[in-house]
K.L.:
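Before I ask anything, here is the structure I am working with.
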Amino acid sequence: QVQLVESGGGLVQPGGSLRLSCAASGSIFRFYGMGWYRQAPGKQRELVAAVTSGGSTNYADSVKGRFTISRDNAKNTVYLQMNSLKPEDTAVYYCNADLSTGILAARRDYWGQGTQVTVSS
């Protein structure tokens, strides 16, 4: 059993900052990568940022230069620092972990419950 617990969402004014955290716990054998996705009302879920086990990062074009993903391997935690927030960043943000739970277990995706980020004046 694997749990992803997110925190750090909320209401912020345009131009402000927020930091999201996602802590993974449970029977984790190996991480392949972690990331953040978001889903706005009426839209499909989209990748925001991801980091591989080797430390390579990938960002959506819409957040490049504003958001930074980082990871604390000792704590099994991934962070998303969001700066210069815009109203179009408003969405539910979901943490994702690509991992396996044992040497013979299949690699699969796990998801957090989501945290609301609202950017509004």
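No hydrogens, no waters, no symmetry mates; every other heavy atom, side chains included, goes into these values. Start at 1 with the first residue, then count along the sequence.
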K.L.:
What is the minimum heavy-atom distance between Gly9 and Val117, and which atoms define it?
P.N.:
CA-CG2, 4.2 Å
K.L.:
To the nearest 0.5 Å, how far apart are CG in Leu85 and CG in Leu18?
P.N.:
5.5 Å
K.L.:
Quick test of your reading: applying salt bridge (charged side-chain N to carboxylate O under 4.0 Å, His left out), list the pairs with at least one residue in residues 92-120, sequence neighbours left out, ordered by first then second residue.
P.N.:
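Residue pairs passing salt bridge (charged side-chain N to carboxylate O under 4.0 Å, His left out), neighbours aside: Asp98-Arg107.
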K.L.:
Can you name the nearest heavy-atom pair linking Phe31 to Ser53, along with the distance?
P.N.:
O-CB, 3.5 Å
K.L.:
What residue among Val2, Leu99, Ile28 forms side chain to side chain contact (heavy atoms under 4.5 Å, CB included) with Asn76?
P.N.:
Ile28
K.L.:
Which ring pair (Phe, Tyr, Trp, His ring centres under 6.0 Å) pairs, counting each pair once, include a residue from residues 97-116, with sequence neighbours left out?
P.N.:
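Non-adjacent pairs meeting ring pair (Phe, Tyr, Trp, His ring centres under 6.0 Å): Tyr37-Trp111.
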K.L.:
When clusters are formed from ILVMFWY side-chain contacts under 4.5 Å, directly or step by step, what else is grouped with Leu104?
P.N.:
Phe29, Ile103
K.L.:
Rounded to the nearest 0.5 Å, what separation is found between the CZ atom of Arg38 and the CG atom of Leu80?
P.N.:
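The CG atom of Leu80 is 9.5 Å from CZ of Arg38, to the nearest 0.5 Å.
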K.L.:
Taking only residues at least two apart or on different chains, which pairs with a member in residues 56-70 satisfy salt bridge (charged side-chain N to carboxylate O under 4.0 Å, His left out)?
P.N.:
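Matches after skipping sequence neighbours: Asp61-Lys64, Arg66-Asp89.
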K.L.:
So, does Ser56 use its side chain to make a donor-acceptor pair with the main chain of Gly54 at under 3.5 Å?
P.N.:
no
K.L.:
What residues form a side-chain hydrogen bond (donor to acceptor under 3.5 Å, both in side chains) with Asp72, not counting sequence neighbours?
P.N.:
none
K.L.:
Report yes or no: do Phe67 and Val92 belong to one cluster of Ile/Leu/Val/Met/Phe/Trp/Tyr joined by side chain heavy-atom distances under 4.5 Å?
P.N.:
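Phe67 does not cluster with Val92.
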K.L.:
Please name all residues satisfying side-chain hydrogen bond (donor to acceptor under 3.5 Å, both in side chains) with Ser25, sequence neighbours left out, ordered by chain then number.
P.N.:
Gln3
K.L.:
Which pairs count as disulfide (SG to SG under 2.5 Å) when at least one residue sits in residues 39-85, sequence neighbours excluded?
P.N.:
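For residues 39-85, and leaving out neighbouring residues, there are no disulfide (SG to SG under 2.5 Å) pairs at all.
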K.L.:
Step through the shown structure and confirm whether more than 12 heavy atoms of other residues, nucleotides or ligands are within 6.0 Å of CD on Gln44.
P.N.:
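Open.
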K.L.:
Evaluate the side-chain contact (heavy atoms from CB on, under 4.5 Å) criterion for residues Thr101 and Arg30: first the C-alpha distance (whole Å), next the side-chain angles of each, then the deciding distance (0.1 Å), finally the verdict.
P.N.:
CA-CA 7 Å; Thr101 56; Arg30 180 179 177 182; over 6 Å; no
K.L.:
Identify the two heavy atoms, one from Ser121 and one from Pro14, that lie closest to each other, and give their separation to 0.1 Å.
P.N.:
N-CD, 3.7 Å
K.L.:
Excluding sequence neighbours, so at least two apart, what forms side-chain hydrogen bond (donor to acceptor under 3.5 Å, both in side chains) with Ser17?
P.N.:
Asn83
K.L.:
So, for Trp36 and Leu20, which heavy atoms are closest and what is the spacing to 0.1 Å?
P.N.:
CH2-CB, 3.6 Å
K.L.:
Can you list every disulfide (SG to SG under 2.5 Å) pair that touches residues 54-113, not counting sequence neighbours?
P.N.:
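The answer is Cys22-Cys95.
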K.L.:
Between Val78 and Met34, which heavy-atom pair has the shortest distance, and what is it?
P.N.:
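Closest approach of Val78 to Met34: CG1-CE, 3.6 Å.
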K.L.:
To the nearest 0.5 Å, tell me how far Ile69 CD1 sits from Gln81 CD.
P.N.:
12.0 Å
K.L.:
Taking the hydrophobic residues Ile, Leu, Val, Met, Phe, Trp and Tyr, and joining any pair whose side-chain heavy atoms are under 4.5 Å apart, which ones share a cluster with Tyr79?
P.N.:
none
K.L.:
Who passes side-chain contact (heavy atoms from CB on, under 4.5 Å) against Gln113, sequence neighbours left out?
P.N.:
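In terms of side-chain contact (heavy atoms from CB on, under 4.5 Å), with neighbours along the sequence ignored, Gln113 is linked to Glu6.
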K.L.:
Which pair of heavy atoms, one from Tyr93 and one from Val48, lies closest together, and at what distance?
P.N.:
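Closest approach of Tyr93 to Val48: CE2-CG2, 4.1 Å.
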K.L.:
Can you sort out the partners of Lys43 under side-chain hydrogen bond (donor to acceptor under 3.5 Å, both in side chains), two or more places apart, ordered by chain and number?
P.N.:
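Result, side-chain hydrogen bond (donor to acceptor under 3.5 Å, both in side chains) vs Lys43: none returned.
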